[in-house]
J.: 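My questions will all concern the structure given below.
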Amino acid sequence: MKIHKYDTVIVGAGGAGMRAAIEATKRSRTAVLTKLYPTRSHTGAAQGGMAAALANVEEDNWEWHTFDTVKGGDYLVDQDAAEILAKEAIDSVLDLEKMGLPFNRTPDGTIDQRRFGGHSRNHGEAPVRRSCYAADRTGHMILQTLYQNCVKEGVEFFNEFYVLDQLITEIDGVKHSAGVVAYELATGEIHIFQAKAVIYASGGTGKFFKVTSNAHTLTGDGQAAVYRRGLPLEDMEFFQFHPTGIWRMGILLTEGARGEGGILRNKDGERFMEKYAPVMKDLASRDVVSRSIYTEIREGRGCGPEGDHVYLDLTHLPPEQLDAKLPDITEFARTYLGIEPYTDPIPIQPTAHYAMGGIPTNVEGEVLSDNTTVVPGLYAAGEVACVSVHGANRLGTNSLLDINVFGRRAGIAAAEYSAKADYVELPEDPAEQVVAQVEQLRASTGTERVAEIRRELQECMDANVMVFRTEQTIKTAVEKIAELRERYRNVSIQDKGRRFNTDLLEAIELGNLLDLAEVMAVSALARKESRGGHYREDYPNRDDVNFMRHTMAYREVGDDGTESIRLDYKPVVQTRYQPMERKY
Amino acid sequence: MATPVLDKVEAESAASPYITVTFRIRRFNPEISAEAVWEDFQLEIDPKERVLDGLHKIKWDVDGTLTFRRSCAHGICGSDAMRINGKNRLACKTLIKDINPEKPITVEPIKGLTVLKDLVVDMEPFFQAYRDVMPFLITKDTNEPTRERFQTAEDRERFDDTTKCILCAACTSSCPVFWNDGQYFGPAAIVNAHRFIFDSRDEAGEQRLEILNDKDGVWRCRTTFNCTDACPRGIEVTKAIQEVKRALITRRF
């Protein structure tokens, strides 16, 4: 076992982690622990763009962007955070340009912008061009540019180090972050990183669904690490289903395709979004479009022999436009479906895409241990966090923005904290829990297989807590997850070695997914209303009287060792905007 | 709106799509043996699935010790470059039906980098070569502009192709010069130098060209075009290398 000491440790090297690292490395001795090589992170899969009211191509301002974000999030957004997001968006995009990001350009040589779902002129009048983009690989260019700047700044990476535990030390009854415990994939060695400040930027948890745009590696590791140490998770019932995943595979086809003029059609060729969102049509917010697609499918207007998908039609767009603006997604259609998007429509279905909820933070990225108390030395940013700028439904292009704005903020805040703070004493035997977990899995002779439990979990989640939910489906999910958690205790792996043991890693990841799936289902069951990405058929309306509040889920362990989830609620920060009926 | 092609695809998929294929995989685990061996696995698979799906079926249902890197599973993250039927490809972008599944499908680690376990290689020398070309924008501005730097659409287009690189190493590890001499920078590093040399905003082109003028630089390229064939992103790698060579001669870029 090795012990390392750093001022600042960052967990994860996607957009948020590397944006934080660029700031933290300039100000403090920083290490980035990442389970993947940095350029493998899922930020690279983001396509359509990054929102900022640059007003390069038409009138726009940050206040309109703030409003759209609040409305898009169905008024569960903390409005102070949304205002920061929209205001700092502009410098955030300009910073990336100065770092070298090759944005597409206007004829004048400025950064070009395009339309995206839910982004509007003057509080919903009409779509506005707010998304700054680099073809349909904006996330790829952000990830590359941030990695390039990490190389430039000499950021110290520990690649293929998997953080398994958050170390907490209580001082005068206040939980402080003391560091993290990591598992080195190449050797099987366990490392303790003592740090004054820790930033989680480890991404989402979409792999508990079967049809998802998420990478295999998005298993909620950061959320699970802090949750197991008694810290809350916020708004976990809110998960976004992106309207246009490749049918059955879930691979993302950017909303930018509709921003460029693409149209959704049912089996009759009807542009059905006109019925559901007369103004924004195909560019309504994602929750609205995904529900509309499933309504079409349920009412028998889906396409194909099983009527289980609809079409994304790009055939009316000139091939030159597709080649210039949407080269990657048209290539996906050719590679994975054998379809030529110039001439044929692409079969799509909603795909599990983004966790709005996560580790609660304030606008400086400081993690909360309850509704108001900060955990000194602990930070989070990006999809792992819930600040909350996305509320009940995130707008497209606001996540690439979120990682840059709040990644930067967390990096600065953490480094400034570690510059003045002392190390917190490590708990006694800090690696105890991780050693026990790893040894138990290696030694287990149980009869359950990781892949089988994961399959059943994913099928259960798709069937019961996706776009449409009811009390009954959620209860079914809660019961099934409990059964799977019980069976997981009897899981065994075949690879008993120390070197690159990905069999072991997948078993640990499954444990994280099971814990977070349970939090999601329990949080969803208690929210007896429909808001944004959480749609209850038995409670189809938004209920601002009882549920205009954030869910806070805590893991409780009884004296006899039994685990349970305690739910609490946190008020929403409202500044400028009163909740209104949401229409697109 | 035309649909006939798709309906045909769907009708086919309604019938039982599975075929039996053999995956012949190069296995190596120094914890068990110093020797690498071939191992065959037979599996039932839909030929429209990816090689990565086949590897997952083996790992998840047959042999959990099979080790490979993967993440996004759709050709964007660059984790799963491997040698499939003797050619470098991404396992997640290669469909079974496209690689002659009647015969055993061979899967080996990419060449020229030390194998650590099964299909996992040591990527560190590859990333070191990348870092050596200074892969970041360098400007001499003393006063940064308050807004974005201007760049015409044409200037932006000039280096578009090389911005697509995902650092998967399929190109570098397909290069015979790299196999014989690991000191060679390799195509991927040159592609990433190209991305900055031909960016109108960058002002360190001369420095980068000098780095690539080294004995292990661009002149080692023998234009075998293996790299261009291997690139899963369709980058014209050899052309980019030629453009860097030309820039070295003419000092114009």
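Chain naming here is simple, since letters A, B, ... match the order of the sequence lines and numbering starts at 1 in each.
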J.: Considering only heavy atoms, which portion of A:Ile493 lies under 4.5 Å from any heavy atom of chain B: side chain, backbone, both, or neither?
T.: neither
J.: With a 4.5 angstrom heavy-atom cut-off, which part of A:Phe332 approaches chain B: side chain, backbone, both or neither?
T.: side chain
J.: Please look at B:Asp202 and chain A and tell me whether the side chain, the backbone, both or neither of the residue comes under 4.5 angstrom of a heavy atom of that chain.
T.: neither
J.: Relative to chain A, which of B:Thr152, B:Asp155, B:Thr146, B:Asp61 shows the most heavy atom pairs under 4.5 Å?
T.: B:Asp61
J.: Given that the side chain runs from C-beta out, which part of A:Phe103 has a heavy atom under 4.5 Å from chain B: side chain, backbone, both or neither?
T.: backbone
J.: What residue, out of A:Ala215, A:Gly497, A:Pro102, has the most heavy-atom pairs lying under 4.5 Å from chain B?
T.: A:Pro102
J.: In terms of heavy-atom pairs under 4.5 Å, which option from A:Thr110, A:Thr335, A:Asn214, A:Val93 contacts chain B the most?
T.: A:Thr110
J.: Select, from A:His42, A:Met99, A:His140, the one with the greatest count of heavy-atom pairs under 4.5 Å involving chain B.
T.: A:His140
J.: Here's one to test your reading of the geometry: is the NZ or CZ of B:Arg69 within 45 degrees of the ring axis of A:Tyr37 and under 6.0 Å from its centre?
T.: no
J.: Can you tell me which of B:Asp160, B:Ile138, B:Asp118, B:Ile32 forms the most heavy-atom pairs within a distance under 4.5 Å of chain A?
T.: B:Asp160
J.: Among B:Trp60, B:Phe159, B:Phe196, single out the residue with the greatest number of heavy-atom pairs under 4.5 Å to chain A.
T.: B:Trp60
J.: Flag the pair B:Glu39 and B:Arg26 as a salt bridge only when some basic side-chain nitrogen lies within less than 4.0 angstrom of an acidic carboxylate oxygen.
T.: no
J.: Are B:Thr65 and A:Gln494 close enough that a side-chain donor and a side-chain acceptor fall under 3.5 Å?
T.: no
J.: Please name all residues satisfying side-chain hydrogen bond (donor to acceptor under 3.5 Å, both in side chains) with A:Asp112, sequence neighbours left out, ordered by chain then number.
T.: A:Arg129, A:Tyr133
J.: Heavy atom to heavy atom, less than 4.5 Å: which residues from residues 122-135 of chain B reach chain A?
T.: B:Met123, B:Glu124, B:Phe127, B:Tyr130, B:Arg131, B:Pro135
J.: Inspect the contact between A:Glu160 and A:Arg40 and indicate whether a charged nitrogen and a carboxylate oxygen are less than 4.0 angstrom apart.
T.: no
J.: Any carboxylate oxygen within less than 4.0 angstrom of a Lys/Arg side-chain nitrogen, looking at A:Asp328 and B:Arg233?
T.: yes
J.: Once the angle between the rings of B:Phe68 and B:His56 is folded into 0 to 90°, is it parallel (under 30°), tilted (30 to 60°) or perpendicular (over 60°)?
T.: tilted
J.: Thinking salt bridges, do A:Glu320 and A:Lys325 make one under a 4.0 Å N-O criterion?
T.: no
J.: Go through the atoms of B:Leu95 and report whether side chain, backbone, both or neither lie under 4.5 Å from a heavy atom of chain A.
T.: side chain
J.: Suppose the criterion is salt bridge (charged side-chain N to carboxylate O under 4.0 Å, His left out): which pairs have a residue in residues 332-343 of chain A, not counting sequence neighbours?
T.: A:Glu331-A:Arg334, A:Arg334-A:Glu340
J.: In terms of side-chain geometry, is the basic nitrogen of B:Lys239 or B:Glu236 positioned less than 4.0 Å from the acidic oxygen of its partner?
T.: yes
J.: Answer with side chain, backbone, both or neither: which region of B:Asn29 has an atom nearer than 4.5 Å to a non-hydrogen atom of chain A?
T.: side chain
J.: Compute whether any side-chain donor of one residue and acceptor of the other, for A:Asn104 and A:Gln113, lie under 3.5 angstrom apart.
T.: no
J.: Given that the side chain runs from C-beta out, which part of B:Thr139 has a heavy atom under 4.5 Å from chain A: side chain, backbone, both or neither?
T.: neither
J.: Is the closest side-chain donor-acceptor distance between A:Ser213 and A:Thr351 under 3.5 Å?
T.: no
J.: In terms of heavy-atom pairs under 4.5 Å, which option from A:Thr106, A:Leu101, A:Asp91 contacts chain B the most?
T.: A:Leu101
J.: By a 4.5 Å heavy-atom criterion (distance strictly below it), what part of A:Arg499 contacts chain B: side chain, backbone, both, or neither?
T.: both
J.: Classify the side-chain pair A:Thr502/B:Lys117 by whether it contains a donor and acceptor separated by less than 3.5 Å.
T.: no
J.: Tell me, for B:Arg201 versus chain A, whether the close heavy atoms (under 4.5 Å) come from the side chain, the backbone, both or neither.
T.: side chain
J.: Looking at A:Pro327, A:Ala451, A:Gly109, which one has more heavy-atom pairs under 4.5 Å with chain B than the rest?
T.: A:Gly109
J.: Quick check on A:Arg498 against chain B: is it the side chain, the backbone, both or neither that has a heavy atom closer than 4.5 Å?
T.: both
J.: Relative to chain B, which segment of A:Glu452 carries a heavy atom at a distance below 4.5 Å: side chain, backbone, both, or neither?
T.: neither
J.: For B:Arg70, give me all partners under salt bridge (charged side-chain N to carboxylate O under 4.0 Å, His left out), at least two apart in sequence or on another chain.
T.: A:Glu506
J.: Can you tell if the side chain of A:Asp495 reaches within under 4.5 Å of the side chain of B:Asp63, non-hydrogen atoms only?
T.: no
